[in-house]
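Since this is a predicted model, take the numbers as computed values, not measurements. Every chain is numbered from 1, with letters handed out A, B, ... down the list of sequences.
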Amino acid sequence: MRELRFHRDLYRGEDVDAALKVYARFADFERAEADDAWVVRVRARGAARERAVAGELANYALGLTIRGRG
Amino acid sequence: MTSPVAGVPSSLVEVDLDDAAVQLRIDESIYPLEAAYSAAFTFIDRCFVFLDRPQEGALRVVLSTKDPAEGGEEALRALVGEFANELLACAWRGRITRDNRATIEAVTMQAMAGALGPPSLDELEEFDFTEEPFEDPLGIAMSWEEKYGKKKPDPDEDAEGEP
């Protein structure tokens, strides 16, 4: 299981959610909220797949956040 | 487990060879968040990029190779070095834009106004031609005749010469 903490100052929650929808079919995700971050736990078949999906998810969320800032 | 990179302060850069990742700590007072975003955006096609804020005023960028097999120490060192260069370029570009915002906006507005075409008769009618002309110390705006034309004889001088 791999955990990603998307800091609220740096990522928009709606962009993290949008990324989760895109990658929903590639892994199992568990979403939680911390005081300072959106927490996403990634579970997939094998560590390599977990790493790849988590990385692509993070990139997607980052890309959306940056584009959303104009 | 993270370890320092040769030739770089460990407080700034650390590698995690197990995860084929390298992390860079950024001082936001030197590299604004917008510069970090700009640099990160250019790297998301070649590696995984993750931003974090370990404390107020600081950012952490984690770069991971998409293929773990390509995440050796030298490759990660090169990756973070390139990112640092891009970060510097983005910060500099941001500063130039900020410092010259007024000039850029003025030039852009003039270009757009020019693209709209010549003024209409109604706009000319509303224009205030009594405005003071701009200063022209080098005489660039003077017409040829004004600058080099013959001087007309002064009628007062002729009157003085007469007996």
#### Entry: Segment of Tyr60(A) engaging chain B (4.5 angstrom heavy-atom cut-off)
neither

### Message
Is it the case that the side chain of Tyr37(B) and the backbone of Leu62(A) share a donor-acceptor pair, with hydrogens and angles ignored and the cut-off at 3.5 Å?
### Response
no

### Query
Do Asn59(A) side-chain atoms and Cys47(B) backbone N/O form a donor-acceptor pair below 3.5 Å?
yes

### Query
Does a side-chain N-to-carboxylate-O contact under 4.0 Å join Arg5(A) and Asp52(B)?
no

### Message
Under a 4.0 Å threshold between the charged nitrogen and the carboxylate oxygen, would Asp19(B) count as salt-bridged to Arg2(A)?
### Response
yes

Co-membership, hydrophobic cluster, residues [X] and [Y], 4.5 Å side-chain:
| X | Y | answer |
| --- | --- | --- |
| Val13(B) | Leu88(B) | yes |
| Leu57(A) | Val22(A) | yes |
| Phe41(B) | Phe48(B) | no |

What's the spacing between [X] [atom1] and [Y] [atom2] if we round to 0.5 Å?
| X | Y | atom1 | atom2 | value |
| --- | --- | --- | --- | --- |
| Leu10(A) | Leu33(B) | CG | CG | 6.0 Å |
| Thr65(A) | Leu51(B) | OG1 | CG | 9.0 Å |
| His7(A) | Arg60(B) | NE2 | CZ | 10.0 Å |

### Query
So which of Asp45(B), Leu59(B), Asp67(B), Thr65(B) has the biggest tally of heavy-atom pairs under 4.5 Å with chain A?
Thr65(B)

In this structure, are over 12 heavy atoms from other groups packed under 6.0 Å from [X] atom [atom1]?
| X | atom1 | result |
| --- | --- | --- |
| Arg31(A) | CZ | yes |
| Ile30(B) | CD1 | yes |
| Gln55(B) | CD | yes |

### Nearest non-hydrogen partners of Leu4(A) and Phe50(B), listed with the distance
CD2-CE1, 4.2 Å

### Query
Closest heavy-atom contact between Arg51(A) and Ser64(B)?
NH2-CB, 3.6 Å

### Query
So which part of Ala20(B) gets closer than 4.5 Å to some heavy atom of chain A, the side chain, the backbone, both or neither?
both

